[in-house]
Each structure stands twice: as C-alpha cells, then as structure tokens.
**Student:** 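Just passing along the structure, written as structure tokens.
Within every chain, numbering begins at 1; the chains are lettered A, B, ... in the order of the sequence lines, protein sequences first and strands thereafter.
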Amino acid sequence: MEPSIWDWIYDLRISQMIAEGAWQFPALEVIHIYSMIFLITAVALFDLSFMGFSVGGETISRAAKMALRWTWVCFGINAVSGTLIFMSRAPEYAGNWAFQLKLALVFVGMAAHTIILRKAARWETAPAMGFGSKLLMGGISLLIWVGVITASRWIAYAIPEFL
Amino acid sequence: MNEMPEAWYMFCQAVETTWLHRTMSTTNWYFPAVETFHHIGMVLLVGSISLFDLRLLGVAMKGQSVSRLADRLLPTTWTGFALMLVTGTLLFVTSPLSGQEYCPNATFRLKLVLIGLAGLNMAVFHFTVYRRVGEWDKAHSTPLGAKLVGSLSVILWAGVVAAGRWIGFS
C-alpha cells in the first residue's frame with residue numbers, strides 16, 4: 001500500500017518528537033484539556049444568557065462580547081495543541097470514528113457560535129423569540145459541547161482492540 | 001512502583017474484593033463511560049470555579065456583584081464536585097491494584113493532595129476575606145487577600161487537571 005498523507009505527517013520531525021518524547025504528549029493534552037474547559041465555559045455562559053439565565057447579571061451583548069473574545073483565544077490554543085497531538089498519531093486518529101465525530105461537532109459548534117455571537121454583540125436586548133425556542137437553541141448548543149467531550153473521551157477506546 | 005503505606009495497601013486490597021470492583025472491571029465500556037461523566041463534571045467544577053477566580057483577579061466579570069456571582073455559581077460547582085466524586089470513586093474502584101493501578105501511582109496521590117489544598121484555600125477564603133464581601137462586592141479591584149486566593153485557586157485547579165491527565169502516563 002502506498003504511504004498516505006497521514007503517514008507523511010506522522011514522519012515529520014515534530015510529530016516524531018511528540019510521539020517519542022516522555023512528556024510532550026501528556027503536556028500537550030493538559031494544555032488542550034485546560035483550554036477546553038475555558039472554551040466550553042465561555043460558550044455555556046453565553047448560551048445561559050441567551051436562554052435568560054444570565055449568571056453574573058450581565059447583558060446579552062456583554063456576554064456575547066466576552067464569549068467572543070474568550071472562545072477565540074481558547075479555540076486558538078485548542079487548535080494548535082490539538083493539531084500537534086493529531087500529528088503525533090496521525091494515521092491512527094485519521095481513521096478513528098470518535099475523532100472524526102469530534103471534529104465534526106467542534107466545527108458545527110464553532111460555526112454556529114461565530115454566527116450567533118457576532119450578531120448578539122450588537123443586540124440591545126434579547127431577540128423577540130419565544131422562551132421555548134430560546135431554550136431549544138441554547139440546549140442544542142450545550143448538547144453539542146457535551147457531545148464534543150464525550151467523543152473526545154472515546155477516541156482512545158474507538159479502536160478494534162477495544163470493541 | 002513506589003512503597004505504599006501498609007494501611008493504604010490493605011485498603012486497596014479490600015477494594016479489590018468488592019462487588020463494585022468486579023462489576024466495573026468486567027465490562028470494558030463502563031470505564032470510558034464513567035470517564036466521560038468525570039470530564040463533564042470537570043468542566044462544570046473547574047469552569048465555574050475559574051470564572052469566580054477570574055472575577056477575584058479582575059480579569060473577567062468586572063464590576064459584577066461578587067456575592068451574587070458566588071450564589072449563582074455554587075450550585076454548578078457543587079453539581080460538578082458531586083459528579084466528579086461519584087465517577088472518580090467508580091474509576092478508582094475499577095483498578096486500585098490491577099489495571100490502571102491507582103494505589104501505587106504517585107501522581108494519583110498528588111492529585112488528591114492538590115484537591116485537598118484547593119478545598120482548604122476555598123475554606124480560608126470563605127472564613128476570612130469573603131466575610132467582608134459587602135465592602136468590595138461591586139468593586140472592579142478586589143482586596144489583595146481575594147487576589148491571592150484567586151491566584152492560588154487557579155494554580156491548584158490547573159494542577160489538579162494536569163495531575164489527572166498525567167496519571168495514565170506515570
């Protein structure tokens with residue numbers, strides 16, 4: 001079989017350094033998980049504000065501005081650390097269904113938030129929308145991120161040796 | 001493997017004889033399923049605590065009432081803590097001496113110590129600086145004591161997350 005792009009990435013010096021080092025891989029994971037906590041907290045704070053359960057009593061536009069800033073900083077850290085983690089095990093991760101699902105959920109979650117947060121940063125008050133619709137939208141967003149955590153945790157187990 | 005105190009070793013041996021240990025260690029998907037809830041609990045716990053710490057440090061939620069923020073965040077913090085305690089116990093019970101070998105793992109014990117210190121830090125805050133929260137409740141700049149507690153809390157919880165991740169690698 002011809003070597004794939006994933007093998008090529010895996011063979012890069014930086015990927016090998018992470019794969020073979022004693023502390024590089026777990027250190028990247030710690031950075032990845034720690035910034036994930038802040039990313040999801042920022043998103044959840046906005047979602048709660050949107051649903052009418054503002055945590056600190058902040059206005060919805062203020063919550064949106066705060067979330068926009070924090071999500072993108074945390075997402076940047078997550079993307080860099082995540083890419084490095086991926087490179088060190090590229091062939092395994094690329095074919096891993098839990099990893100693929102996680103990537104799809106992160107993409108949907110970030111895309112939806114970028115659209116909503118940029119609009120919400122300009123809102124004077126919350127949109128005139130039924131409580132049920134707000135609850136549904138906020139609930140779906142929160143569920144996407146719970147899904148991200150779940151899929152992440154299953155990456156290590158979505159392997160033939162396990163199931 | 002490092003030396004274990006006698007009482008600790010006997011306790012770990014006793015855990016291996018329990019029904020819970022047998023149940024958890026004989027079905028292979030129980031462990032990752034419980035781990036998933038452990039991570040959700042972590043986001044609730046560390047996320048809510050960090051938000052409060054950032055307010056104490058004057059980084060986020062500036063000008064919002066500190067006592068109101070505390071009241072609004074505490075239910076989430078306690079929910080996260082309860083979820084972590086229950087799932088963490090289940091994970092520990094699965095493989096104290098076999099498999100993951102939590103008992104002889106120095107990083108695992110470090111994590112428990114860090115959680116204890118974080119709890120102590122919160123208790124100290126509650127009984128000292130927070131007693132006079134009325135005087136600085138809405139102030140952008142919090143007293144030095146509050147900033148100290150906030151910094152310590154951030155460091156200790158980051159340490160807990162790091163130690164937790166490191167258990168499997170040590």
**Student:** Can you establish whether the number of heavy atoms outside B/Arg68 located under 6.0 Å from its atom CZ is more than 12?
**Tutor:**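 Yes.
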**Student:** Under a 4.5 Å heavy-atom cut-off, does chain A meet the side chain of B/Phe37, its backbone, both or neither?
**Tutor:**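 Neither part, no heavy atoms under 4.5 Å.
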**Student:** My understanding is that only one of A/Ile37, A/Thr150, A/Val146, A/Ile149 makes a side chain to side chain contact (heavy atoms under 4.5 Å, CB included) with B/His39; could you say which?
**Tutor:**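 Of the listed options, the one satisfying the test is A/Ile149.
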**Student:** Below 4.5 Å from any heavy atom of chain B, which atoms of A/Ala27 appear? Answer side chain, backbone, both or neither.
**Tutor:**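 Contact with chain B involves both backbone and side-chain atoms of A/Ala27.
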**Student:** Counting N and O atoms only, with roles assigned by atom type, does the side chain of B/Arg72 sit under 3.5 Å from a partner on the main chain of A/Ser54, one being a donor and the other an acceptor?
**Tutor:**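 Yes: the side chain of B/Arg72 pairs with the backbone of A/Ser54.
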**Student:** Flag yes if more than 12 heavy atoms outside B/Trp8 fall under 6.0 Å of its CH2 atom; otherwise flag no.
**Tutor:**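 More than 12 heavy atoms, drawn from other residues, nucleotides or ligands, come within 6.0 Å of this atom.
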**Student:** With a 4.5 angstrom heavy-atom cut-off, could you sort out which part of B/Leu44 is near chain A: side chain, backbone, both or neither?
**Tutor:**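 Nothing of B/Leu44, per the 4.5 Å heavy-atom cut-off to chain A.
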**Student:** At a heavy-atom distance under 4.5 Å, which candidate from B/Gln64, B/Met42, B/Met61 has the highest pair count against chain A?
**Tutor:**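 Maximum pair count with chain A is reached by B/Gln64.
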**Student:** Nearest heavy-atom pair of A/Trp154 and B/Ala33: which atoms, and what distance?
**Tutor:**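 Residues A/Trp154 and B/Ala33, closest heavy atoms: CZ2-N, 3.8 Å.
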**Student:** Checking heavy atoms, do the side chain of A/Leu45, its backbone, both or neither come under 4.5 Å from chain B?
**Tutor:**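 Side chain only.
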**Student:** Which atoms of A/Arg62 come close to chain B, meaning under 4.5 Å heavy atom to heavy atom: side chain ones, backbone ones, both, or neither?
**Tutor:**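 Contact with chain B: side chain only.
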**Student:** Under 4.5 Å heavy-atom distance to chain A, tell me which part of B/Ile40 shows up: side chain, backbone, both or neither.
**Tutor:**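 Contact with chain A involves both backbone and side-chain atoms of B/Ile40.
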**Student:** For A/Trp70, is it the side chain, the backbone, both or neither that has a heavy atom under 4.5 Å from a heavy atom of chain B?
**Tutor:**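 Looking at A/Trp70, just its side chain touches chain B.
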**Student:** Quick check: closest heavy atoms across B/Phe169 and A/Pro26, and the distance to 0.1 Å?
**Tutor:**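 In terms of heavy atoms, the two residues are closest at CD1-CB, 3.6 Å.
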